[in-house]
Amino acid sequence: MRTHHYELLINWTGNTGSGTQTLRSYSRNHEVMAAGLQAIAASSDPAFRGDPARWNPEQLFLASIAQCHMLWYLGMAAEAGVVVTAYEDRPVGIMIEEANGAGQFESVTLRPLVTITPDSDAALAQSLHDRVGEYCFIARSIKTSIHHKVTVQIQDQTPLQST
């Protein structure tokens with residue numbers, strides 16, 4: 001077994017002069033950084049007094065799930081002989097906020113649009129999505145339900161959709 005270590009720096013940049021004196025006295029703006037990478041300008045969701053021009057933790061959560069799924073899928077497709085020429089996903093996450101302000105994601109739906117070459121097996125291309133969750137580190141680490149609505153299209157042909 002190998003161990004991988006990840007380290008970030010989260011730097012709050014939202015002190016507007018009086019710190020956290022009240023809930024409205026500060027900005028939720030912050031930066032997410034890692035060595036050698038550009039900072040991600042982040043804030044809280046606008047519903048929680050955040051800056052809509054910055055990434056929020058909920059979007060980054062959704063992005064990490066979709067990215068991990070895509071990267072595992074592409075590797076599995078290559079190993080299975082499915083030649084993917086394009087991949088796009090428009091994931092959707094549903095979060096429930098409780099009366100006391102706590103909450104959690106109820107579900108995430110990935111909606112990959114995968115383009116494969118005509119000589120690739122479209123049924124196999126679709127079915128590989130069902131196996132990704134067994135390997136994706138992010139999916140295996142969370143309790144949120146992850147669903148897939150996959151569309152496979154063969155280059156220059158009509159898309160095949162699944163639910």
Side-chain angles (χ1 to χ4, degrees), residues 1-11 29-48 50-97 103-163:
M1 181 184 312
R2 295 188 307 178
T3 301
H4 301 270
H5 179 81
Y6 301 93
E7 193 171 323
L8 299 174
L9 170 62
I10 310 297
N11 183 37
N29 290 358
H30 59 279
E31 294 177 335
V32 179
M33 296 172 274
L37 299 173
Q38 291 184 357
I40 297 172
S43 190
S44 63
D45 184 285
F48 306 108
D51 182 344
R54 291 173 166 249
W55 286 89
N56 64 59
E58 294 81 9
Q59 291 169 319
L60 293 170
F61 175 76
L62 186 59
S64 70
I65 294 168
Q67 288 174 283
C68 189
H69 183 92
M70 177 190 69
L71 294 168
W72 271 102
Y73 176 81
L74 293 172
M76 293 170 84
E79 288 179 347
V82 173
V83 179
V84 177
T85 59
Y87 185 108
E88 178 181 289
D89 193 356
R90 295 179 184 271
V92 176
I94 306 295
M95 189 178 80
I96 296 174
E97 184 183 355
Q104 66 279 332
F105 273 83
E106 176 182 69
S107 67
V108 167
T109 302
L110 303 178
R111 301 181 304 168
L113 169 60
V114 181
T115 304
I116 61 174
T117 58
D119 58 333
S120 294
D121 183 335
L124 178 57
Q126 274 190 320
S127 70
L128 288 174
H129 285 279
D130 296 329
R131 294 186 32 222
V132 170
E134 299 170 26
Y135 298 93
C136 171
F137 307 136
I138 306 298
R140 290 173 48 95
S141 300
I142 61 173
K143 64 181 183 178
T144 304
S145 300
I146 301 173
H147 309 283
H148 311 99
K149 291 186 177 178
V150 180
T151 302
V152 173
Q153 67 182 19
I154 299 171
Q155 278 182 277
D156 304 321
Q157 294 182 15
T158 307
L160 307 170
Q161 272 192 313
S162 80
T163 53

Practice problem: Let me see the working for E97 and Q104 under side chain to side chain contact (heavy atoms under 4.5 Å, CB included), right down to the final yes or no. | Solution: CA-CA 7 Å; E97 184 183 355; Q104 66 279 332; over 6 Å; no
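- Residue W55 comes nearest to Q59 through the heavy atom pair CA-OE1, 3.4 Å, listed as atom of the first residue, atom of the second, then distance.
- In this pair, W72 and F137 present their aromatic rings perpendicular. The plane angle is above 60°, beyond the 30 to 60° band.
- Nearest heavy-atom pair across A139 and I146 is CB-CD1, 3.7 Å.
- You'll find the side chain of T151 stays beyond 4.5 Å of the side chain of V114, heavy atoms only.
- Heavy-atom minimum distance, A122 versus I116: CA-CD1, 3.7 Å.
- In this structure, N11 and H30 have side chains that are not in contact, with every pair of non-hydrogen atoms separated by 4.5 Å or more.
- Remark: F105 CZ to L62 CG distance equals 6.5 Å, nearest 0.5 Å.
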Quiz prompt | Residues S107, H147; criterion side chain to side chain contact (heavy atoms under 4.5 Å, CB included); working and verdict | solution = CA-CA 8 Å; S107 67; H147 309 283; 4.0 Å; yes
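- Enclosure of atom CD in E134 by more than 12 non-hydrogen atoms of other residues, nucleotides or ligands within 6.0 angstrom is indicated.
- The shortest side-chain heavy-atom distance between P112 and H129 falls under the 4.5 Å cut-off.
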Quiz item: Under the side chain to side chain contact (heavy atoms under 4.5 Å, CB included) criterion, do I40 and E31 qualify, and how do the steps go?
Solution: CA-CA 6 Å; I40 297 172; E31 294 177 335; over 6 Å; no
Self-check item: Test side chain to side chain contact (heavy atoms under 4.5 Å, CB included) applied to I65 and L110, step by step
Solution: CA-CA 9 Å; I65 294 168; L110 303 178; 4.2 Å; yes
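- The stretch residues 53-70 participates, sequence neighbours left out, in these salt bridge (Lys or Arg N to Asp or Glu O under 4.0 Å) pairs: D51-R54.
- Heavy atoms of other residues, nucleotides or ligands lying less than 6.0 angstrom from CZ of F48 number more than 12.
- Between I142 and F61 there is a side-chain heavy-atom pair separated by less than 4.5 Å.
- Residues satisfying the side chain to side chain contact (heavy atoms under 4.5 Å, CB included) criterion with P57, sequence neighbours excluded, are absent altogether.
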Practice problem: With side-chain hydrogen bond (donor to acceptor under 3.5 Å, both in side chains) as the test, would you mind laying out the steps for S43 and N56 before giving the verdict? | Solution: CA-CA 5 Å; S43 190; N56 64 59; over 6 Å; no
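- Contact detail for Q155 and P118: the closest heavy-atom pair is OE1-CD, 4.3 Å.
- In this structure, the separation between NE2 on H5 and CD on E7 is 4.5 Å, given to the nearest 0.5 Å.
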Quick one: side chains of residues 84-95, donor-acceptor pairs under 3.5 Å with protein atoms, not counting sequence neighbours, listed by atom name and distance.
unit_1, atom_1, unit_2, atom_2, d
T85, OG1, T115, O, 3.4
E88, OE2, R90, NE, 3.3
D89, OD1, R111, N, 2.6

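- Across every non-hydrogen atom of S120 and V83, the tightest pair is OG-N, 2.9 Å.
- Of the candidates D121, V82, V152, V152 is the only one forming a side-chain contact (heavy atoms from CB on, under 4.5 Å) with Q126.
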